[in-house]
Amino acid sequence: ELDETITENIKIYDLNISDALNLALEKDIYRQLCFNPSDTSTTNVKTMMTGNWNQTNIHTFNDLKTIVLNTCEKKYFDYDTRKFCIDVMWGSVYRSGGYTQWHDHIGSAISFVYFLKAPENSSTLDMLFWGKRNGNFDKGIVRVKPKVGRLSIFPSSVKHKVDPYYRKDNRITIADTSTHLTPHTQ
């Protein structure tokens, strides 16, 4: 299992999620797709997305949400008094030509991208960062190579994008933009 700290705030984990859950997530995404890909003017994601931004009411998304929360609480955060919450999740299907523009999720605390389907040589998830890397202050672009089961967690203030995707097979991700920390309740 990859458990890598790219910078002090950008982390990558290779999760051991069952093929059955990944397949069920993929089916649920295809059932929920918005079939008007030209209507992407209100989002930075220029590809097919689930029509409803809040997929957390779907059983499979809730299962993934639990896995992400456990990963965040055990590995990402070092807090005793605050709890990680996920309010909104969505799926994206990158077909040939699909991409995501540079953007961030200011107003939230933490974002993630989970790679559900990642054909070889898929477009990377690129992130701009300013902060410590290898003990020194640094800035640059972090490129996360897509791999099935890979989870990238990063501060919502980090600008990120996906270059145009030109592969035969679809690239599928699940992401979130509305994660936040709330007071931990006992």
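When reading the values below, keep in mind they use all heavy atoms of this one structure, side chains included, and skip hydrogens, waters and symmetry mates.
- Considering all non-hydrogen atoms of both residues, Pro146 and Ser122 come closest at CG-CB, 3.8 Å.
- Considering Tyr30, Phe115, Tyr114 in turn, Tyr30 is the only one that fulfils the side-chain contact (heavy atoms from CB on, under 4.5 Å) rule with Ile172.
- The CG atom of Leu64 lies 12.0 Å from the CD1 atom of Ile58; values are rounded to the nearest 0.5 Å.
- Side-chain atoms of His160 do not come within 3.5 Å of backbone N or O of Trp102 as any donor-acceptor pair.
- Taking the side chain as every heavy atom from C-beta outward, Ser92 and Thr47 approach each other to under 4.5 Å.
- Heavy-atom minimum distance, Val148 versus Ala118: CG2-N, 3.7 Å.
- When Val142, Val162, Asp163 are each tested for a side-chain contact (heavy atoms from CB on, under 4.5 Å) with Asp126, only one passes: Asp163.
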- Evaluate the criterion side chain to side chain contact (heavy atoms under 4.5 Å, CB included) for residue pair Asn44 and Lys46; output intermediate values, then yes/no. CA-CA 6 Å; Asn44 294 299; Lys46 307 301 182 188; 5.7 Å; no
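- Between Val158 and Asp104, every side-chain heavy-atom pair lies at or beyond the 4.5 Å cut-off.
- With a 4.5 Å cut-off on side-chain heavy atoms, His103 and Lys159 do not count as touching.
- Atoms CG and CZ, from Asp176 and Phe61 in turn, are 11.5 Å apart once rounded to the nearest 0.5 Å.
- Contact annotation: the side chain of Met49 approaches that of Thr43 to within less than 4.5 Å [non-hydrogen atoms, C-beta and beyond].
- A donor-acceptor pair is defined here as one N or O able to donate and one able to accept, closer than 3.5 Å; such a pair exists between the side chain of Thr50 and the backbone of Gly91.
- Inter-residue side-chain proximity for Asn22 and Leu25 is flagged as met; some heavy-atom pair is nearer than 4.5 Å.
- Atom NZ of Lys161 and atom CG of Leu125 lie 9.5 Å apart (nearest 0.5 Å).
- Atom OG of Ser157 sits about 11.0 Å away from atom CG of Leu128, to the nearest 0.5 Å.
- Atom CD1 of Ile153 is separated from atom NZ of Lys11 by 9.5 Å, given to the nearest 0.5 angstrom.
- For residues 165-175, no residue pair satisfies the salt bridge (charged side-chain N to carboxylate O under 4.0 Å, His left out) rule, not counting sequence neighbours.
- Under the 3.5 Å distance criterion, with hydrogens and angles disregarded, a donor-acceptor pair is assigned to the side chains of Ser156 and Ser111.
- Inter-residue side-chain proximity for Val144 and Met127 is flagged as met; some heavy-atom pair is nearer than 4.5 Å.
- Listed for the Arg150 side chain is no donor-acceptor partner under 3.5 Å among the backbone atoms of Leu15.
- Ring geometry for Tyr165 versus Tyr94: interplanar angle over 60°, hence perpendicular rather than tilted (30 to 60°).
- Side-chain atoms of Tyr99 and Val45, non-hydrogen and from C-beta on, never get closer than 4.5 Å to each other.
- In this structure a side-chain-to-backbone donor-acceptor pair under 3.5 Å is missing from Lys117 to Thr173.
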